[in-house]
There are 2 protein chains.
Amino acid sequence: MKKTKTERQRLLKETIEYTPFITDEELAKIFEVSIQTIRLDRMELQIPELRERIKSVAKLQWNEQVRALAVEDIIGEVVDLELDNRAISIFDVQKEHVFSQKNIARGHHLFAQANSLAVAVINDELALTATANISFTRQVKEGERVIAKASVEGKTDKGLTIVKVDSFVHEEPVFSGEFHMFRSTDD
Amino acid sequence: MKKTKTERQRLLKETIEYTPFITDEELAKIFEVSIQTIRLDRMELQIPELRERIKSVAKLQWNEQVRALAVEDIIGEVVDLELDNRAISIFDVQKEHVFSQKNIARGHHLFAQANSLAVAVINDELALTATANISFTRQVKEGERVIAKASVEGKTDKGLTIVKVDSFVHEEPVFSGEFHMFRSTDD
DNA sequence: ATTACTTTTAGTACCAAGTCTTAATATTTA
DNA sequence: TAAATATTAAGACTTGGTACTAAAAGTAAT
């Protein structure tokens with residue numbers, strides 16, 4: 001039995017949301033109505049045509065890509081950097097960084113900020129973390145801004161560069177870590 | 001002065017890669033040649049037409065979106081889990097996880113896998129990492145599969161749950177860490 | 001300069017997936 | 001049964017192309 005108009009439109013909306021790459025012709029077959037009906041439905045529901053739908057999805061992706069390029073190797077924004085000495089980065093905790101239940105930032109984001117800052121501060125084409133000793137001092141909530149400060153502290157007996165990173169929210173310590181970094185060239 | 005054919009085609013390729021949402025007509029204006037020339041160029045360079053380009057970008061985005069939903073709270077796929085005892089997860093290192101220069105995985109991804117596994121193994125609505133002592137044993141390359149094994153080892157004198165996580169690529173240790181976890185409820 | 005070859009432009013027919021408009025049927029409801 | 005609502009049909013036009021043919025322009029070689 002054919003559905004009613006409202007029911008069909010409800011399903012139509014769902015279908016297009018779920019599989020946006022579908023033509024009016026295919027939709028017409030699915031709902032056993034004419035192409036024209038589908039087009040009237042789209043008009044009423046304000047759903048744009050296939051090509052526009054594809055385009056908007058593509059634009060989203062494009063923005064994502066651009067964003068990804070900017071972030072690339074560093075988590076958080078580096079605001080101060082003196083190679084082989086010190087560096088500072090800021091990181092705003094957003095929805096995607098917190099546990100879906102409570103709004104507390106997942107530890108690995110704080111670690112990622114500190115770790116990538118430790119990598120960045122080292123004057124070497126390829127610095128890698130060998131060991132790290134870290135502690136999470138207090139929970140960080142969504143919306144808070146974390147300031148990470150890194151300082152190069154010399155070398156271990158094995159020749160690894162020691163970088164200390166302390167992170168704060170409003171002067172209050174939230175994370176601290178000591179990173180022992182491997183570098184590919186001696187300076 | 002108009003450029004040579006090869007030069008124009010080189011620039012054309014770049015332009016399209018940089019701004020894929022551009023029509024032949026616009027390209028023709030930019031390079032001051034006819035539409036047909038642009039089309040010949042695209043043929044020779046095997047560059048598909050605008051709509052196909054948009055479509056492929058959109059499909060990428062679509063896949064990303066689906067993938068992002070699945071990952072959510074845990075980095076890597078948990079393949080074994082016995083609460084408050086042990087857990088195993090696998091994590092495939094892909095292009096987006098490695099340094100753009102060399103293809104070595106960035107440390108924070110290995111940490112993220114281990115840390116989220118440590119969170120997952122704890123039988124608590126909200127477990128948080130208090131401190132961690134970690135070391136990166138060997139570099140992990142793009143394409144390698146990292147197996148992380150977590151085991152709960154008891155409590156510290158301060159009541160933090162100790163979780164040891166060791167990660168391997170083909171039995172070979174690549175990462176190991178001891179996490180001290182805070183839990184909101186006593187069991 | 002003439003021939004030969006490459007490069008560029010032009011023009012036609014066609015396609016997909018639409019829009020926009022007008023008009024003719026169904027189907028439902030008061 | 002008449003009026004209102006819903007559906008289908010048909011035609012003209014749009015964008016951004018493909019495929020193909022042909023002519024013109026530019027460049028190089030003999």
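Just so we're on the same page: letters track the sequence lines, and every chain starts at 1. Computed from a predicted model, the values in this text were never measured in an experiment. Reckoned from all heavy atoms, side chains included, excluding hydrogens, waters and symmetry mates.
Remark: B:Glu44 pairs with B:Lys5, B:Gln9 by the side-chain contact (heavy atoms from CB on, under 4.5 Å) rule, at least two apart or across chains. Residues passing the side-chain contact (heavy atoms from CB on, under 4.5 Å) test with A:Thr37 are A:Arg8, A:Val33, A:Ser34, A:Asp41, sequence neighbours excluded. Remark: B:Asp166 pairs with no residue by the salt bridge (charged side-chain N to carboxylate O under 4.0 Å, His left out) rule, at least two apart or across chains.
A donor-acceptor pair is defined here as one N or O able to donate and one able to accept, closer than 3.5 Å; such a pair exists between the side chain of A:Arg42 and the backbone of A:Ile47.
For the pair B:Ser34 and C:dT9, the criterion of a side-chain N or O lying under 4.0 Å from OP1 or OP2 is met.
Rounded to an integer number of Å, the gap from CD of B:Glu44 to C1' of C:dT6 is 11 Å. For A:Ile38 and D:dA6, the CD1 to P distance is 15 Å, given to the nearest whole Å. A:Gln36 places its CD atom 8 Å from the C1' atom of D:dA10, with the value rounded to the nearest Å.
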Kindly give the atom pairs (protein nitrogen or oxygen, nucleotide nitrogen or oxygen) under 3.5 Å for nucleotides 26-29 of chain D.
none

(message) Treating primed atoms plus P, OP1 and OP2 as sugar-phosphate and everything else as base, which nucleotides of nucleotides 14-19 of chain C get B, S or - for protein heavy atoms under 4.0 Å?
(response) --BBBB
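With axes fitted over five pairs at each extremity, the angle between the ends of the helix from C:dA1-D:dT30 to C:dA30-D:dT1 is 10° (10° resolution).
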(message) Could you walk me through whether A:Leu12 and A:Phe31 satisfy the side chain to side chain contact (heavy atoms under 4.5 Å, CB included) test, starting with their C-alpha distance in whole Å, then the side-chain angles of each, then the deciding distance to 0.1 Å, before giving a yes or no?
(response) CA-CA 8 Å; A:Leu12 185 76; A:Phe31 292 100; 3.7 Å; yes
